[in-house]
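So that the names make sense, note that chain A is the first sequence line, chain B the second, and so on, each numbered from 1. All values reported here derive from a predicted model rather than from experimental measurement.
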Amino acid sequence: MFKACGIHKSYPGVKALSDLDLDLRAGEVHALVGENGAGKSTLARIMGGIDTPDSGQMHLNELPYHPQNRAQAESSGVRMVMQELNLIGNLSVAENIFFDHLPNRFGIVNTNRLNQDARQIMQRVGLGDIDPGIKVRDLGIGQQQMVEIAAGLSQRCRIMILDEPTASLTDKETALLFDQIKKLQTERVGIVYISHRIEEIITISDRITVLRDGKLVATRPTGAVTSSDIIRMMVGRDLSAETCKRQRKPGQVALRVKGLSHRDKVKNVSFEVHRGEILGFAGLMGSGRTETMRALFGADRADEGKIYLYGADTPARIRTPRDAVRAGMAFITEDRKEQGLLPALPVRMNITLGRLGRISRLGLIDAARERAIADEYIDLLSIRCRSCEQPVRQLSGGNQQKVVISKWLHKDCDILIFDEPTRGIDVGAKFEIYQLLGELADKGKAIIVISSDVKELMAVCDHIAVISAGRLVAQFSGQEWTPEKIASAAFSEYIKNPTQGHQPNEA
Amino acid sequence: MKHKIKNLHTAVKDYIGMLVALTALLAIFGLSTKNFFTFTTFRTIANQIPAITIMAVGMTFVLIIAGIDLSVGSVLALSGAVLGVCIVNFKLPLPLAIIACMGVGLICGLINGFIVIKWKLPSFIVTLGMLEVARGAAYSVTGSRTMYIGPAVEVITETAALGLSLPFIIAVVIVIAGQFILARTVFGRYIIAIGTNEEAVRLSGIEPGPLKLWVFIICGVLASVAAVMHTARLSSANPNEGLGMELQAIAAVVIGGTSLMGGRGSVVSTFFGALIIAVLGAGLAQMGAQEPTKRIITGCVIVAAVILDTYRHRLSSRKIT
Amino acid sequence: MKHKIKNLHTAVKDYIGMLVALTALLAIFGLSTKNFFTFTTFRTIANQIPAITIMAVGMTFVLIIAGIDLSVGSVLALSGAVLGVCIVNFKLPLPLAIIACMGVGLICGLINGFIVIKWKLPSFIVTLGMLEVARGAAYSVTGSRTMYIGPAVEVITETAALGLSLPFIIAVVIVIAGQFILARTVFGRYIIAIGTNEEAVRLSGIEPGPLKLWVFIICGVLASVAAVMHTARLSSANPNEGLGMELQAIAAVVIGGTSLMGGRGSVVSTFFGALIIAVLGAGLAQMGAQEPTKRIITGCVIVAAVILDTYRHRLSSRKIT
Amino acid sequence: PKRNGGASTRPEVALIMKSLANEFFKTMEEGARSHQSMHADEYNLEVVGIKDELDVAQQISLVELMIARQVDAIVIAPADSQALIPVCKRAMDAGITVVNIDNKFDEGVLADKGVKLPFVGPDNRKGAYMAGEYLARRLAKADKVAVIEGAPNAFNGIQRKLGFEDAMAEHGIEIVSSQSGYWEMGKANQLASALVSEHPDIKAFLCANDSMALGAVAALKSAGKTDILVVGFDNILAVQELVKAGTILCTIDQHADQLAVFGIEYALEMLENKTAPADRQTPVDLITAKELQ
Ligand SMILES: Nc1ncnc2c1ncn2[C@@H]1O[C@H](COP(=O)(O)OP(=O)(O)OP(=O)(O)O)[C@@H](O)[C@H]1O
Ligand SMILES: Nc1ncnc2c1ncn2[C@@H]1O[C@H](COP(=O)(O)OP(=O)(O)OP(=O)(O)O)[C@@H](O)[C@H]1O
Ligand SMILES: [Mg+2]
Ligand SMILES: [Mg+2]
């Protein structure tokens, strides 16, 4: 039903797509996979009318299809959920969901109908507990992602493009999303599904198209390939997805948190991390993992709680991120666009920002040294960019994430907090990051990893703590954890007290 | 029912900072002057606010889309001048003259908006250019002279209903309409969205361009409506009028809690902001304050009102959690 | 070597828009007046730009952190007034008087910055308050009188080296120093980062507060340095000076391509911007243009220069591919 | 007539001025205040003014306020010679005595409104003519001069410009450029600088106030053209040394300190006698180095 042939697209300095063909059948889920920067989002944007190809033909139901903008694409029945969040923080959830077709008469918004309709759709994607009138700004990033998805589902369509919809979702929401996808399939909607989570793709898709460096590698029926086949096609070499987790010997206590509380998001959280140890944090979306780390890092002022560093007997005074960084802590935030990057500035400046002291003397920056260091990290994490002078804004999502990580590696801290470090990162790079986490731990750093992907946590962590509705409800170590145990812990507080947590606005 | 009460509650909370500031001002002036609480004082204030309020409503819209319009003072002068010329030189009847006057505001707003959108320039600099151009045009239209119009426009101020003058009523209607548009219409939603995240709006398939153009046009037209009120009040058109009025209008809007960063604002609050500025002016004049004192107090009150507003926000955001 | 050439090439490309605008202006004025290309004209322009340039350098820094400082004109008046009072009434020697004058600028900047940071207010409104307060203070310091100072300050303009007056040399030094700080120092890097994404800077463990405070202080101090130049040029201190100069300074900065949204800017370009404005003023006065013409042309040139600049950007981004 | 039984029966006089931040009006205000303190038993004085001379609307509000305050007399220096007439008429209708000082109301509009108001003040055109005349005697026929005008819509500014032009025309002196300096020193400085480079043979600058004259003098000094003559207006404190030294050729004193006093005395007289209003001219004097010795 949809066909694209010979699509070319270049951005200044890169060829994002070259001579790409794709076809999509009604009612199928067609997965697009490839490394970061392979061109998946570019293709999605072209289909969705946001970018125009330099050359190439597209046909929709045998008719030429060349949308000039998003509105034209949608009127042809092509809708998409973009990789980066594009919500309007100051508007309500309902208004965001129905943004381009607000129910109205003579231009006056029918608020009641809007909220009713929104509630219905939100129910479908598992946002039923949230008031449709609440501002999107007040939601956590995972919930925002769900709102994006809800907005995508809010209208009938013939083609639905989902660009990494699950990057910051937990299993629970992912399952709900898959239900919706199946429902769309029965309505004969063609679905393009982009993800870096190979298991997901194997579960949901009918066919898989692999891209590498903007070129088509292959299109195969899902049944005919294994996950290692896919990875080989993506990366161009073999990669054992199994982590090489070695037995580590934890050192002294690096960080001890006692009774940390912040508003009603974080309740009396205590834990400790040793040097050379990786502690994972699992939990449902919006459970307060991010809030815990923000309070710990001084990004929000904690109401209560003591933090003891490096085995000290007196609590450290951490009131601002500056205090935290001085005390040797690093925080790789989940929202790289708003909280991690200087989007308009070159990669080089982003990497060195946290530690300009190393490249300057008497307050003067040594430009050559700065470039050298930036290139070093670009190499180390194989960041795909034109040069260290390219604005980060122009990098693909995964590469942006690597830039954020480079910034903190360069800062060289002893305690590193990674909040969803692999969000939007391809398998190859994910593997590199796991390895990196391992190496850092081996070097005696204390590491905290938050992830919505439990398998990922189980692969890299020495211990896993589970947060539920702001409380630390369980801690598992080594061999005692199973996905089921973790999941039931994550739900525990909500079952005990069903009104909590998910409705922050009902005071 | 519960909903209503909650709404009222929210409304009071929204305006509490300004109500406090206003009450404080009134109390201070009431105590320090003899005849502050008289009918005439209030009539004076009611006479003064229409022009600045109407202008500030337009400015609210512009600030909400994260723009700014520095040209409103000059546009007021130019459209007032055109009004004068139409009545005095061309002997047009008042309604036609008013249409011509509003046409001028429309064109100025259109030009501002067009340039801002077409070349993606910051509105600050575009409207700064318009500030100069419109002022120059006002001089050239009037030959740099004040033009006496007289009874032909005075009818506007003299018309009254329920003891309120026509300009005041129009101002209130514009405030209500503005608030309605902002809070209840699709257009209002879109401009708030543009102010919050223009790129996201564009990516949602809605072109921000035409919407922004409309906002600048509204601002220009409202500046010319303000010009009608102002001219009626002065019985004459003076090409120097409205000098620095843009900053006053912005101050009114910002005191009202509208963010200069866009995406947030309320027309009703703007009205309170204008009221605070007018009361301050009237009160200081009644006290017979010296110019330096006036300036210093005005500056401090502007900042204090905004500081007060931040506490209101903290208060209300704490309530929510 | 190759690097050098590339640098030169980039530099020319960076400034090409403004160089074109400047050349066009010079050509037009050269053709339409008799004596434009004379030594006197250039000395006149060289005399006029130091104050506005120095002020605009400070403004560049403020705009880069996505702030704005509307108070610079009033701060110029106030610190000029203090300079005058120190010399005339207190009979202080010039260096001490200059220190007092710069102290005033420092305090004003400090207050601006402190309020902006402490209550997280938009600098627009805080400095609008300071605009009023500093103007009021200037009136009260001088008793609303013009103060003739005479030779005691004229020495500043009369000192010259290599045919260039001291103020001009100081202005150029400040421009160079400003550009150096912006492009080469840690401080400069931090303020660019703050202008781009303040939250990200904060979460990287760098407190933006103190840095922003410094920026406002720099802007205040530079406004008072501009006051010294201005007062020296006029031999007298007048509490009404500097009215509307903030908009001129902003225009200079923005013509120079600095973004009002923060995160991007160049001090050297600001200097060109100030030059364009000065040449425009001098040229129009030489032509004997009437006020309306002057205003209209000034407005158009401001906008045209900024539009031209957008093409420069497109040009240079196309070059890269 | 309408004191509401206050403690004092002294008449309440309101002096409504233009800019209170302008030296000329400041002097006027001080003159009025010291007069009142010497005659404290005769009347009460209230002085108000506006931000700058352009803020006409605010001045209208001030008159309205004074009507509200039920003062007995208003002495007003109108910021605009037309726009203030309707509100003054309202004041008169309310039984308040109104005296116009400094800037004369427009005759046509007064007649149109059927208002009769006494004017007490100087003849700016005559003053400017006197200064121009004094200058012309030092110049030759066909010499070139430039005028730096006040704000283009200010009545006194226009009058002064006309006065300068009268004198120049009479002596056959050419005005090569006439531009507005908006009463401001800095603007005048810029204009003068530009004009000397465009017209190197210029012989004199006629400035509509002393601040602008100061600006012009500074411009000439930095251009090294100290032989060019400068004429000012207002005789403010700051120029007196310069007039003595001959740097500024002459200025005009309109006796600012007496202006308001004349107006107040006139108003009191009217309250007392209910005399028919008639205009009264106040003196304008040429000030040169000789007068200041
Ligand atoms: N606006 C842009 N300007 C310049 N280059 C761009 C732009 N957008 C994308 N690119 C480049 O195009 C290439 C493909 O990017 P794209 O976003 O399609 O990758 P992707 O496959 O979606 O990667 P990811 O998995 O990281 O999201 C990348 O090299 C990227 O740097
Ligand atoms: N800026 C904010 N203002 C108000 N509430 C917020 C804000 N950010 C998050 N929340 C709320 O705080 C709760 C915890 O969110 P948080 O982001 O810490 O969760 P999380 O466990 O990290 O999950 P995820 O990141 O997957 O959403 C959620 O209910 C969310 O709605
Ligand atoms: Mg992508
Ligand atoms: Mg989170």
Tell me, yes or no, whether the heavy-atom count around Arg358(A) atom CZ, taken from other residues, nucleotides or ligands under 6.0 Å, exceeds 12.
yes
Does any heavy atom of chain C fall under 4.5 Å from the side chain of Lys407(A), the backbone, both, or neither of them?
side chain
How long is the span from the CD atom in Glu199(C) to the CG atom in Leu341(A), to the nearest 0.5 Å?
13.0 Å
Check whether Thr333(A) gets within reach of chain C through its side chain, its backbone, both or neither, counting any heavy atom under 4.5 Å.
side chain
Given a strict heavy-atom distance threshold of 4.5 Å, which part of Glu389(A) is in contact with chain C: side chain, backbone, both, or neither?
neither
For each of Ile206(C), Ile181(C), Val186(C), Ile192(C), tally heavy-atom pairs with chain A at distances under 4.5 Å, and name the one with the top tally.
Val186(C)
Is a side-chain donor or acceptor of Arg202(C) paired with a backbone partner of Thr320(A) at a separation under 3.5 angstrom?
no
To the nearest 0.5 angstrom, please state how far the OG1 atom of Thr196(C) sits from the CE atom of Met349(A).
8.5 Å
When only heavy atoms count and the cut-off is under 4.5 Å, which of residues 398-405 of chain A reach chain C?
none
What are the two closest heavy atoms between Ala200(C) and Leu342(A), and how far apart are they?
CB-CD2, 4.3 Å
Chain C contact via Ala299(A) - which portion, at a heavy-atom distance below 4.5 Å
both
What's the spacing between Asn197(C) CG and Gln339(A) CD if we round to 0.5 Å?
8.5 Å
Indicate the atoms forming the closest heavy-atom contact of Arg294(A) with Leu203(C), along with that distance.
NH1-CD1, 4.4 Å
Which heavy atom of Leu356(A) sits nearest a heavy atom of Arg189(C), and at what distance?
CD1-CG, 3.5 Å
In terms of heavy-atom pairs under 4.5 Å with chain C, the winner among Glu370(A), Arg336(A), Met329(A), Arg326(A) is Glu370(A)
With a strict 4.5 Å heavy-atom criterion, list every residue of residues 54-64 of chain C that contacts chain A, or say none.
none
Could you report the tightest heavy-atom contact between Tyr190(C) and Leu353(A), atom names first, then the distance?
CE2-O, 3.8 Å
